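What you see is a predicted model; the values in this text were computed from it and never measured. Within every chain, numbering begins at 1; the chains are lettered A, B, ... in the order of the sequence lines, protein sequences first and strands thereafter.
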Amino acid sequence: MLYREVGEFKTSYAQDSQTFPIKFDKYRYYFVVLVGLLFVPFVINDYWANAVFLPFLIYAIASLGLNILTGYCGQVSLGTGGFMAVGAYASYKLMTAFPDLNILIIVLLSGVITAFVGTLFGLPSLRIKGFYLAVATLAAQFFLIWLFNKVGWFYNYSATGMITSPDRSFGNFLITGPNATPASKYLFCFFFVFLLAWIARNLTRGKIGRSWMAIRDMDIAAEIIGVNPLIAKLSAFAISSFYVGIAGALFFSVYLGAVEVTEAFSIQKSFIVLFMVIIGGLGSIFGSFAGAAFMVLLPVALKNLLVLQFGWPVDIAAHFEFIIIGGLIIFFLIVEPHGLAQLWNLLKQKLRIWPFPY
Amino acid sequence: MNKENIKMMDIKNIVLRFGGVVAIQNISFDIFKGEIRAIIGPNGAGKSSMLNVINGFYHPQEGEVWFRGKKRGSMKPYQIAHQGIARTFQNIALFKGMTALDNIMTGRFTHMKKGIFSQMIWEGGASREEYENREVVEKVIDFLEIQHIRKTPVGALPYGLQKRVELGRALAAEPELLLLDEPMAGMNVEEKEDMSRYILDVNSEFETTVALIEHDMGVVMDISDRVVVMDYGKKIGDGTPDEVRNNQAVIDAYLGVSEH
Amino acid sequence: MSADFLYTIEVIINGLMAGVLYSLVALGFVLIFKASGIFNYAQGVMALFAALTLVGLQEGRVPFAHLINAMFGTKIHHFDWSLPALLAIILTVLIMILFAILVEKLILKHLVNQEPIILFMATIGLAYFMEGFGDLMWGSDVKTLNVGIPQGGSFWFEDFTIGWAAEGEKFYGMYVDLLDVWAAIIAISLVLVLTIFSQYTKSGRALRAVADDHQAALSVGISLRVIWVLVWSISGFVALVAGMMWGAKSGVQFSLSLIALKALPVLMLGGFTSIPGAIVGGLIIGAGEKLFEFFMGPLIGGATENWFAYVLALLFLVFRPQGLFGEKIIERV
Ligand SMILES: Nc1ncnc2c1ncn2[C@@H]1O[C@H](COP(=O)(O)OP(=O)(O)OP(=O)(O)O)[C@@H](O)[C@H]1O
Ligand SMILES: [Mg+2]
C-alpha cells in the first residue's frame, strides 16, 4: 500500500484544512522542494536553465496568477501577455531609473505596478461578464502592447525599440544580464515561485478564496451572502496581475535579458498561459504547475523527438505542437475539466487502494 | 415563546414593475421579531419578487422598507446581508464547484473580518479566524444532520440534500431574519417533516425571525404564526392561519373564482 | 469642396468597405451563437483553413506533402493538374460541410449543457488545432489566391472625383480598391441571401426557432444536432467567402486568422445575437478606426487600428452592457 488515508484521523480543524492531509504527499512535497533547492542548482547548466527550468518557473507564476483570476474567480482573461509586458517594462524603467534599487525590490514593485494596471482593466468586469469580458480583456492586450511599442519613454528611446536588462545582483550573485550564472537565475526565480505558491495556497483556502469561488459559481448568490462583487472581482484582478507582473518582470530581466514587446508578449502569450491553466486544472494550485510544466516540456520533447531524432524540419514539429495542444484543450474540457490535477488525484486514489481494493 | 410584537420589518406600499408587468401592487405588511411569517399565493403572484425586494435584489419603484425601526435607503444585496438577513432560493443557488462544507463556510462571510495580508500569511490571525468559524459551521452541520456529505461537491448531491445545504449556508450566517423561498418544494412528506422541524427549531432555539414562501397549505398552517396572501401582485389577506383560512377573497383566489 | 474634407470622405469610404468585411466575419459568429449559444473563436481560423484549402485544391497541391516528404524522404509537392476556381470553391464548400459534421460529432455533442465559457475555451482549442492541421496539410508558406476578382485602384472613381475639389487645391481624386468594392458587394449579397434563407426556407425557420427557444424547438421535433451541423456549415461558407476576400488582398497566411480578432469588437458593439447589429457594428468600427488613425494616428504614433476598435467597444459596453441592439436583461433568482 503506497497510500493510506485510513488510520490518519483528523483531530482538529487545523489538521483538516492542511495543504497535504496525507503524510506521504507532504513528504513528497518536501522532497521536491529540497531537490529543487539543494540538487538542481549544482547541476544546472545553460541549456537546462533556458530550455526548461527558467521558463517553467516563470510560467508557473503566470499560470498561478491566471488561475486565481480564471480558475478561482471565473473571470476569463486574454490579456495576460499585455500584463506580463507591464511587469517587464516596469522592471526595466525601475532598473534604469534607480540603479541602486535591489533587484528583489524591483521585481516586487513591478508586480505592484502591474496589479494597479490590472485592476484598472478589471473595472469593466463589474458591468460585463463571461466572454464579453474575455473579449474586453483583449483591449488591454492590444492597447498595452501598442503603448510599449510606440511610446519612446517606455524603452528609454533606444534605437531598436528593444529593452535590455542591465546587470543587477543580489548580494554577491549576479541575477540579470548575460554574465549571470544559470544557478543564480534559477534560485532567484525559485524563491519567487515558492513564496507566491505559498501565498496563493493561503488565499485560496480561506475567506477570500471562497468569495472568489462564490462569484465564479453564482455571482448573484454570492452577493446575497454578503460578498461585495466589486471587492471580490477587483481583488482577484489585482492579485492575479501582481503574479503575472512578477512573471513578466522575471521573464524579461532574468530569462530573456532583452525583449521586443510585440514578439515576447503577443496575444500568443495570453493563450499559452490560459492553456496552462486549462490543461493543468482550473482552480488548482498544483494544476498551475502541472500545466506550466506540460506546456514548457511539450515543445522541447517534440523538438527532441521529431527534429533531432527523426530529422524532420522544425516547422513540422511546430505544427504538431499546435495540433496536440489544441486537441488536448478540447480533450480536457470534454473529459476532465479539472485537468491534469484531477487526473493526478484519480491516479492517487487508484494507488491508494491498490493492491487491495476495499 | 414570547412574541412582544416588535416590528422587525415593516414593508410599506411597495410597488414593483418590470416594464409593463406589475409584479407587486402597493403591498404593505410587517414581520414581528421572533415570528414565523408565511407568504402564500398562486404562481406568479409576486411572492419571490417580494423576498427579492426585502433583500435588496430588486429595487421597488415606490414604497419603503423599514428594518429594525429605521427606514432603509437604497442598499446593495451584500450590504443587506451584513445587516443580518440571509435567504435561500426557489431554484437552488448553491456554489456548484464547491463542497458542502465550503458552501456553508461561505455563509460565515459576514462574520470574518481578517484583512487580505493576514490571509496571505495564514498562520496566526487568518487561520485562527477560520477555525473559530469552522466550529460554528460544524454546529450547523450537526444540526442539519449532514455530517456525512461535508466533503461532497454539492453538484453531486440529491435535490433534498442540496436544499438542506442551502439552508445550512443561510443558517451559518446566524441571521436575525431568515428568508426562505419554497424550502420544501419538490420534497416528499418525510423530507417536508424534517424541514419543518428544522425551521421550527431554528426559530425557537436561536430566536431567528423567519419569513417563508410555501405552497403546501398544510405545512404553512402548521408552522407559521401569521400569513400574508398575495394574488396578482396584490395583498388579499393577512392574519393568523385561522383568519386567512376563513377569508373569502383567499378562498376565491385559491379556487380560481376571482373577479379580475 | 476643400481637399481636407474630401480626404476625410475618402477615409470614411475606405473605412466602411473594410467594415463590411468585419461584418462578414462577425456574421459567422452571430449565426453560430444564435443557434447554439457558442461563441466560436475558431471563426478566423476557419477562414484561414478554407482559404488554404481553396488555394491547395486550385493549384493541385499534394496534401500533407511536407509531412510525407519528411517521413519518406520523397520530394512531392504538386499533382500535375490544377482546378478551375469555381470547382475548387465547390469542393472547399464540401470540405467545410464535412468539417462541420466532424465538429458536431467530436466536440459539440460532448459539450452540450456546458457553461458558455467552457465552450468558448473549447473553440480556442479548436482554433489551435485547425491552425496546426491546416499548416501541416498545406504548408505554412504565404500563398497567393486568385479567384478572378479584380484588384487595384479604380481609375474611373479617381477621375470621377477629381473635379470635386475647389479650384487651386491639390487633389488627385479618391482612391478605392476594386477588391474592396467587390468584397462589399459580395458581403452585402451574402447577407441578403442569408436573410432570405432564414425567413423563407424550412431549415431557416427551424434555425430561428432554435435561436428563440431551445427547449420549445426541441419539443416540436427539431433536431438540435442537425441544426448545429447546418449553422456550422453556413458559417464555414461565410468563412470561406471572408477568407477568399482577405486572402486575395494580402495573401493566404497565418495572419488571415487574425481577422477574427477584428470581428470581436464588432460583436461587442452590435451584440452577439443581432445580424443588423453585426452589420452596423462592422461599419461603425471600420469607419471609426480609419478616421481615428487619420486624425489621431500622426499625433500619437500611428498603428492605432490595433486597439482602437477594442477600446471603443469596451467603453461602449461599460455604459451599455447589452450592446447596440440587445435588450436590457434583468437577472432573476
Ligand atoms: N426579473 C424579472 N424580469 C421580468 N419579470 C419578472 C422578473 N421577476 C419576476 N417577474 C414577473 O413578476 C411576476 C411575479 O413573479 P414572482 O417570481 O415573484 O412570482 P411567485 O409568486 O414567486 O411565483 P411562483 O410561485 O411561481 O414562484 C411574474 O409575472 C414574473 O414573470
Ligand atoms: Mg417564486
Worksheet entry | Stepwise side chain to side chain contact (heavy atoms under 4.5 Å, CB included) test for K207(A) and K113(B) | CA-CA 9 Å; K207(A) 168 186 146 193; K113(B) 306 280 182 252; 5.8 Å; no
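No more than 12 heavy atoms of other residues, nucleotides or ligands sit less than 6.0 Å from atom CZ of F331(A). More than 12 heavy atoms of other shown residues, nucleotides or ligands fall within 6.0 angstrom of atom OH in Y159(B). Within 6.0 Å of CZ in F206(B) there are more than 12 heavy atoms belonging to other residues, nucleotides or ligands. At most 12 non-hydrogen atoms from other residues, nucleotides or ligands lie less than 6.0 angstrom from NZ of K76(B).
Using a 4.5 Å cut-off between heavy atoms, A200(A) does not touch chain B at all. Interface remark: S127(B) contributes no atoms to any contact with chain A (heavy atom separation under 4.5 Å). With a threshold of 4.5 angstrom between heavy atoms, R108(B) does not approach chain A through any atom at all. Residue contact with chain A, scored on non-hydrogen atoms closer than 4.5 Å, involves the side chain of N55(B) exclusively. Looking at E135(B), both its backbone and its side chain come within 4.5 Å of chain A, counting heavy atoms on both sides.
Across E130(B) and R205(A), no two heavy atoms sit closer than the pair OE2-O, 3.6 Å. In terms of heavy atoms, N202(A) sits closest to W122(B) at CG-CB, 3.3 Å. In terms of heavy atoms, P77(B) sits closest to I224(A) at CB-CG1, 3.9 Å. Minimum interatomic distance between R216(A) and M98(B) (heavy atoms only, all atoms of both residues): NH2-CG, 4.2 Å. Here the closest non-hydrogen pair linking A93(B) and A221(A) is O-CB, 3.5 Å. Shown here for P229(A) and Y78(B), the closest heavy-atom pair between the two residues is CD-CD2, 3.8 Å.
When each of N133(B), T110(B), L94(B), I116(B) is scored by its heavy-atom pairs under 4.5 Å with chain A, the top score falls to I116(B). The choice from A214(A), G209(A), S211(A) that makes the most heavy-atom pairs within less than 4.5 Å of chain B is A214(A).
The backbone N or O of I208(A) lies less than 3.5 Å from a partner atom in the side chain of Q119(B), making a donor-acceptor pair. Listed for the K96(B) side chain is no donor-acceptor partner under 3.5 Å among the backbone atoms of D217(A).
A 4.5 Å side-chain heavy-atom check between I225(A) and F95(B) finds at least one atom pair inside the cut-off.
Between the CG atom of N103(B) and the CE atom of M218(A) there is a distance of 11.0 Å, given to the nearest 0.5 Å.
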